[in-house]
Amino acid sequence: MFIVFMFRVLLLLMWMGSVMADDGVHYEFSVANAAQHLGRVSMQIPLTAHKQLELKLPVWRTGRYEVLDLSKNITNFSAEDEQGQPLNWHKSDKNTWVIENPTQGPVNIHYLVYANMLRSRVAHIDDSHAFLDASGVFMFVTDLRSSPLSVTMKVPDHWRSRSGMHSPSDHVFVADNYDQLVDSPIESGMHQFMAFQAAERDFEIVIWGEGNVDISDLKAKIEKIIQVAEDLWGDFPFQRYVFMYHVGAGLRGATEHVNSTIIQSDRFQFKPLKNYFKVLATTAHEFVHTWNVKSYRPAGIAPYDYDAENYSALFWMVEGSTSYYDDLFLLRAGIYSPKDYFKELADNIYNHLNKPGREISSVAMSSFDTWLDNDAHFNLNNQVSIYLEGALKSWALDRAIREKSHRRYSYDDVQRALFKQHSNMDVGYTEVDVQTILNHLTDSDMRGFWRTYISGTEALDFDALLAFYGLKRVFDDSDNKPVWLGIETQADEVGVGVRAVHRDSPAWEAGLTGGDVVVAINGLRVHSDNWTDHLAMMSVGVAYEMSFFSGDQLKTVSVRAMNHPNPKFSIQPVDNPTRQQQKVFKDWTGQSLPEV
């Protein structure tokens, strides 16, 4: 009887397993026409609970806070029942397909996707690879968003398919739900590949494209970044992680995912070292995101709403704090020298000081408005970058925590606390949660700091910030500095394009604005190759006749040159640092404060 009973239990478990396997959606992808960037997607949808089936494609993709309307790339949509008979369907809005399924039986969906959004890191198909971010390729059934699923890649035999998802066999991936699929891009094609272990975790490097990249050296640098991450958080939110790189002419940018990242770089960006730094800083940035935003994220982002913008006043912590750590990681890893880091820090402060929008918009306000697509001129004068401003506010918070806690705690402890308390993708942390952590670490009320520098626009005291770490600004005291007109330039075939004009600058007062094209100064033609030469010949306080096109109308105005209100500077150690400054610098960077 016991054997019969166990046999029945086994049959029941096998039946339950088959039900669970059939409970999710099965996707099949193939290349329909590589030259035309077309892919074919088939979906097998199991029994449904309703006579109408709703399918959606996200309007945005994770890691890019912009509505991209990805459904614009879907064509040749069709639906059929289990016997292959067509089912009626219609679109209820731009990204929703409604299928009539009167029998509530399994449904098969077929469509083509135009995959030519490489630089947006959404999808790209050619004869060498297929890169797929699910948000722009795979629809989801609204009732089955939380169900398990699988993806089968029907690709050429000589291709290899990689993803952060589990792969039970070649070209097959499985995910616990659609959200995991969206956060696990697939790179299938011909590429360099290297697998290695570090910190008791499995890592992979995938490189598509040709360039001057040395995969072995890249691995060595990544291992150092991994060690810094382990030192900070003490644990990893994954067992396996994939670093994907796209290498090609003019490529740039990157996107974080839950257990992988996709990084794009110009093919010759890996040498010399000063160029390679940019790739490595981006790599560190995306890896930090594995904790900061993929493991713990602000309320308003979690859970994802694929139909609309996901708002939060804490995007500055998502991107800005990550930007704060990317360069700091390279210094702590010994990839940057202190001098290298000082240069990056000086550039960040300089760019901040030359952003008039910092006087108008707080970093919290710009976080909430990050979905808005303002033009460059308006953005310069009315907004701040959640990356740059967020990095500097994170640095200021770091200093405040160290000072108020008598150097027992730092911003690292904020990240550790968020990881420990909010590592749940379905529950986001709030401003109150962050302030509670800050209050605990500093044993003081940090709401005043928050009102002043996060919700407010009061200027940071950079000299005091630098002095805390034993550093100072050093300005160029030479007399041959170029004058300042307040014009941000851009390429133009006719003359010098005006990308943006600084508020209250000489050009602003003279009436120039973004989109204008400067063609002459004092009757002499200007273009991109001689613009700096013209500036070098100008003198402070002297008025110059500037001719420019504004909306195809030629205008001439008088512009009076002035000294730059926020000139360039370098960052160096102070002459005689105290023991406390030396200790704080070492605790902050992991490096000794260099001698002058």
Side-chain angles (χ1 to χ4, degrees), residues 119 249-253 266 268-269 274-275 278 343-344 346-360 373-385 387-388 475-570:
R119 294 175 186 272
L251 291 181
R252 61 183 297 274
D266 185 83
F268 300 120
Q269 191 68 34
K274 66 177 182 179
N275 292 344
K278 297 177 182 178
K343 180 184 181 305
E344 297 299 325
D347 287 345
N348 285 343
I349 296 173
Y350 175 81
N351 291 333
H352 158 85
L353 292 173
N354 288 283
K355 178 86 168 174
R358 64 187 170 86
E359 299 172 346
I360 303 297
D373 186 20
N374 296 317
D375 70 22
H377 178 74
F378 182 87
N379 184 282
L380 173 70
N381 292 289
N382 296 278
Q383 297 289 320
V384 293
S385 164
Y387 294 83
L388 173 60
F475 292 90
D476 179 9
D477 58 1
S478 63
D479 295 327
N480 59 351
K481 295 186 291 293
V483 301
W484 185 69
L485 302 179
I487 296 175
E488 301 280 339
T489 64
Q490 63 185 7
D492 189 88
E493 295 180 356
V494 176
V496 174
V498 178
R499 180 174 177 270
V501 177
H502 288 248
R503 185 177 61 251
D504 300 330
S505 68
W508 175 286
E509 297 295 341
L512 278 81
T513 190
D516 292 345
V517 180
V518 181
V519 293
I521 295 177
N522 281 359
L524 298 177
R525 182 183 176 185
V526 299
H527 47 77
S528 58
D529 292 337
N530 68 9
W531 174 250
T532 55
D533 296 328
H534 278 276
L535 294 181
M537 293 189 299
M538 292 182 178
S539 300
V540 172
V542 177
Y544 296 87
E545 297 300 306
M546 181 174 290
S547 300
F548 63 99
F549 282 106
S550 182
D552 288 339
Q553 182 180 0
L554 183 63
K555 298 181 178 180
T556 299
V557 296
S558 177
V559 180
R560 188 173 299 275
M562 63 177 288
N563 285 319
H564 202 301
N566 297 297
K568 286 273 190 178
F569 57 87
S570 64

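Scope of the values below: all heavy atoms of this structure, side chains included, with no hydrogens, waters or symmetry mates. Keep in mind that this is a model prediction, so the values were computed, not measured.
Listed by first and then second residue, the side chain to side chain donor-acceptor pair (under 3.5 Å) pairs that reach into residues 502-512 are Glu359-Arg503, Glu488-His502, sequence neighbours excluded. Within the structure, salt bridge (charged side-chain N to carboxylate O under 4.0 Å, His left out) pairs that include any residue of residues 561-570 do not occur (at least two apart or interchain).
For Asp347, the salt bridge (charged side-chain N to carboxylate O under 4.0 Å, His left out) partners are Lys343, not counting sequence neighbours. With sequence neighbours left out, the ring pair (Phe, Tyr, Trp, His ring centres under 6.0 Å) criterion links Phe378 to no other residue. Scored by the side-chain contact (heavy atoms from CB on, under 4.5 Å) test, Glu344 finds Asp327, Tyr336 as partners (sequence neighbours excluded). Residues meeting the side-chain contact (heavy atoms from CB on, under 4.5 Å) test with Lys481, sequence neighbours left out: Asp476, Ser478. When the side chain to side chain donor-acceptor pair (under 3.5 Å) test is applied to Asn381, no partner is found at least two apart in sequence or on another chain. Residues forming a side-chain contact (heavy atoms from CB on, under 4.5 Å) with Ala536 (at least two apart in sequence, or on another chain): none. Legend: residues meeting side-chain contact (heavy atoms from CB on, under 4.5 Å) with Ser539, ordered by chain and number and at least two apart, are Val542, Tyr544.
Nearest heavy atoms, Phe569 versus Tyr350: CZ-N, 4.1 Å. Taking both residues in full, the closest heavy atoms of Leu380 and Asn354 are given as CD1-O, 3.9 Å, listed atom of the first, atom of the second, then distance. Across all their heavy atoms, Asn566 and His564 have their closest contact at N-ND1, 3.0 Å.
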Enumerate, atom names and distances included, each donor-acceptor pair closer than 3.5 Å involving a side-chain atom of residues 489-500, sequence neighbours excluded.
from: Asp492; atom 1: OD2; to: Val494; atom 2: N; distance (Å): 2.8
from: Asp492; atom 1: OD2; to: Gly495; atom 2: N; distance (Å): 3.3

Distance-only check: which donor-acceptor pairs under 3.5 Å involve side-chain atoms of residues 553-563, not counting sequence neighbours?
from: Thr556; atom 1: OG1; to: Ser547; atom 2: OG; distance (Å): 3.0
from: Arg560; atom 1: NH1; to: Gly541; atom 2: O; distance (Å): 2.6

Which donor-acceptor pairs under 3.5 Å do side chains of residues 513-526 form with protein atoms, sequence neighbours excluded?
from: Thr513; atom 1: OG1; to: His377; atom 2: NE2; distance (Å): 3.3
from: Asp516; atom 1: OD1; to: Ser550; atom 2: OG; distance (Å): 3.0
from: Asp516; atom 1: OD2; to: Thr513; atom 2: N; distance (Å): 2.9
from: Asn522; atom 1: OD1; to: Glu545; atom 2: N; distance (Å): 2.9

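Residue Asp373 qualifies as open at atom CG: its count of foreign heavy atoms under 6.0 Å is 12 or below.
Looking only at side-chain heavy atoms (C-beta outward), Leu388 and Lys355 stay at 4.5 Å or farther from each other.
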Please assess Leu512 against Met546 for the test side chain to side chain contact (heavy atoms under 4.5 Å, CB included), listing each intermediate value before the final yes or no.
CA-CA 10 Å; Leu512 278 81; Met546 181 174 290; 3.7 Å; yes
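Remark: Leu353 CG to Ile349 CD1 distance equals 7.5 Å, nearest 0.5 Å.
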